[in-house]
Q: 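Would you mind keeping the following structure in view while I ask a few things?
Read the numbers this way: they start at 1 and go in the same order the structure lists the ligands and their atoms.
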Amino acid sequence: MATASTVDRVSKLSGLRADDFPEEGLLERMPHVRGKLTPNEPLGDHTWFRVGGPAEVLFKPVDEEDLAYFLAHCPIDIPVTVIGLASNLLVRDGGVPGVVIRLGPQFSYIKVEGAMITAGAGALDLNVARAAQASGVAGLEFLCGIPGTIGGGLRMNAGAYGREFKDIVEEVHVLDRSGQRRTLYHDQIGFAYRHTGVPEDNIFIAAVLQGEEGKPDAIQDKMREIQKSRAATQPIREKTGGSTFANPEDDPQKRKSWQLIEAAGCRGLKIGHA
Ligand SMILES: Cc1cc2nc3c(=O)[nH]c(=O)nc-3n(C[C@H](O)[C@H](O)[C@H](O)COP(=O)(O)OP(=O)(O)OC[C@H]3O[C@@H](n4cnc5c(N)ncnc54)[C@H](O)[C@@H]3O)c2cc1C
């Protein structure tokens, strides 16, 4: 269900080979931040598929202020890529040049007020669904089946079982490449099928999600149903991309992605560790 464009974008960014990354060069150009900057960090430890070469530098900001400061002072010629759980990314063995940002615990908060939920972009979709259920907020059950973060879900307009982020997002908070914070309301987000029109260099830091009043037991039942159906149709505990490709909208025979993959003889195709 995810789009290939994400993968393409990272592939393009990853044109360099790991041993092309100089040992020190980039670190010396990094602003002084409170968070952790790690050179040549293997991304395989941070991706759903457990594959991928190193980030030239991995940055884990400690909070929003730290991230904003970093963006404001990181030289503009250095590419910046943000990742969530990386369940929609296939990182090349060549790694990712520039800085890869991973949002940590300070970005994983979930606050419930009535039927409105504010979640940090690092919060897991599953945890947001659970928090909604515990507080009797209905309409967010589909999040329990998506193995990602709120940030990744916003970028992808992720969805399942007839609902997607578009249906629950009231507003989002972003930092742009210069570290400026902005609020974007629903109609400014440009939601489309597994795509959001927010500029690629904007980093989501939080979202305000709207549900509706519901009964915790009924919400729980719906989540169980979703998880049961997933377990029956998709081996979600495997490191598989089987369900992650966006279905083409313009195939004359209206074939689904898996049918095209099979027709191309690519079922089970393996290159390196991918
Ligand atoms: C087994 C399996 C099942 C899946 N099922 C579904 C499904 O039912 N429906 C569905 O829609 N998808 C599905 N996916 C795809 C994937 O889980 C979703 O796209 C998910 O929302 C990705 O979230 P993530 O945090 O892992 O994002 P990542 O994969 O880390 O990143 C995805 C994109 O979002 C960007 N991004 C991540 N965080 C931020 C941020 N804070 N700010 C700005 N950009 C950001 C990244 O740069 C990248 O472009 C599935 C994937 C797997 C492996």
Q: Before signing off on this row, confirm whether W48 and ligand 1 have an N or O atom pair separated by under 3.5 Å.
A: no

Q: If you round to the nearest 0.5 Å, how far is CD1 of I203 from CD1 of I101?
A: 4.0 Å

Q: Below 4.0 angstrom from a heavy atom of N202, which ligand 1 atoms are there? Numbered from 1 as shown, please.
A: 43 (C)

Q: Would I203 count as a contact residue for ligand 1, given that I'm defining contact as a non-hydrogen atom of the residue lying under 4.0 Å from a ligand atom?
A: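 Yes, I203 has a heavy atom closer than 4.0 Å to ligand 1.
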
Q: With a heavy-atom distance limit of 4.0 Å, tell me whether H46 approaches ligand 1 through its side chain, its backbone, both, or neither.
A: neither

Q: Return yes or no for this condition: an N or O of A86 is under 3.5 Å from an N or O of ligand 1.
A: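 Min N/O separation from ligand 1 is below 3.5 Å for A86.
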
Q: Under 4.0 Å from a heavy atom of G153: give me the atoms of ligand 1 that qualify, with their elements.
A: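 Every atom of ligand 1 under 4.0 Å from some heavy atom of G153: 21 (O).
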
Q: Could you tell me, atom by atom, which parts of ligand 1 come under 4.0 Å of a heavy atom of L89?
A: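 Atoms satisfying the 4.0 Å criterion: 29 (O), 30 (O), 31 (O), 48 (C).
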
Q: Is there a donor in the side chain of H173 and an acceptor in the side chain of E64, or the other way round, less than 3.5 Å apart?
A: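 No donor-acceptor contact under 3.5 Å links the two side chains.
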
Q: Regarding atom 35 (C) of ligand 1: of the candidates E164, R155, M156, which has the closest heavy atom?
A: R155

Q: In terms of heavy-atom contacts, does CD of Q220 have more than 12 from other residues, nucleotides or ligands at under 6.0 Å?
A: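 Buried by this count: over 12 neighbours within 6.0 Å.
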
Q: Less than 3.5 Å between some nitrogen or oxygen of F204 and one of ligand 1, yes or no?
A: yes

Q: Has E262 got more than 12 heavy atoms of other residues, nucleotides or ligands less than 6.0 Å from its CD?
A: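 Yes, the 6.0 Å shell around CD holds more than 12 heavy atoms from other groups.
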
Q: Which of the numbered atoms in ligand 1 are below 4.0 angstrom from a heavy atom of G148?
A: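 Answer, ordered by atom number: 23 (O), 24 (P), 25 (O), 26 (O).
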
Q: Looking at D125 and R130, is there a salt bridge between them, counting it only when a charged N and a carboxylate O are closer than 4.0 Å?
A: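 Answer for the salt bridge query: no.
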
Q: Would you call E141 and R163 a salt bridge, using N to O less than 4.0 angstrom?
A: no

Q: Nearest non-hydrogen atom to atom 27 (O) of ligand 1 belongs to which of G145, A123, G152?
A: G152

Q: Do the two ring centres, one from Y69 and one from H32, sit under 6.0 Å apart?
A: no

Q: Are any of the N or O atoms of L85 closer than 3.5 Å to those of ligand 1?
A: yes

Q: For ligand 1, which atoms have a heavy atom of R194 less than 4.0 angstrom away?
A: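 The list of qualifying atoms is 11 (O).
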
Q: Determine, for R34 against D63, whether the closest basic-nitrogen to carboxylate-oxygen distance falls under 4.0 angstrom.
A: yes

Q: Taking only non-hydrogen atoms of E200, do any sit less than 4.0 angstrom from ligand 1?
A: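 No, that is not the case, since the closest heavy atom of the residue is not under 4.0 Å from the ligand.
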
Q: If you take all heavy atoms of F107 and P61, which pair is closest and at what distance?
A: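 For F107 and P61, the tightest heavy-atom pair comes out as CE1-O, 3.8 Å.
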
Q: Provide the number and element of each atom of ligand 1 under 4.0 Å from a heavy atom of L103.
A: 41 (N)

Q: Quick check: closest heavy atoms across I150 and G120, and the distance to 0.1 Å?
A: CB-O, 3.6 Å

Q: Using modelled atom types and a 3.5 Å cut-off, is there a donor and acceptor pairing between side-chain atoms of S87 and backbone atoms of P147?
A: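 Flag set: sc S87 to bb P147 pair under 3.5 Å.
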
Q: Nearest non-hydrogen atom to atom 25 (O) of ligand 1 belongs to which of N157, T196, T149?
A: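 Of the listed residues, T149 has the closest heavy atom.
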
Q: Please confirm whether F165 and F191 have ring centers closer than 6.0 angstrom.
A: no

Q: Would you check the N or O atoms of V82, main chain and side chain alike, for any that come under 3.5 Å of an N or O of ligand 1?
A: yes

Q: Output the list of atoms in ligand 1 that are nearer than 4.0 Å to some heavy atom of G84, sorted by atom number.
A: 25 (O), 28 (P), 30 (O), 37 (C), 38 (N)

Q: Kindly identify the option in A160, A207, G159, G120 whose heavy atom sits closest to atom 10 (C) of ligand 1.
A: G159

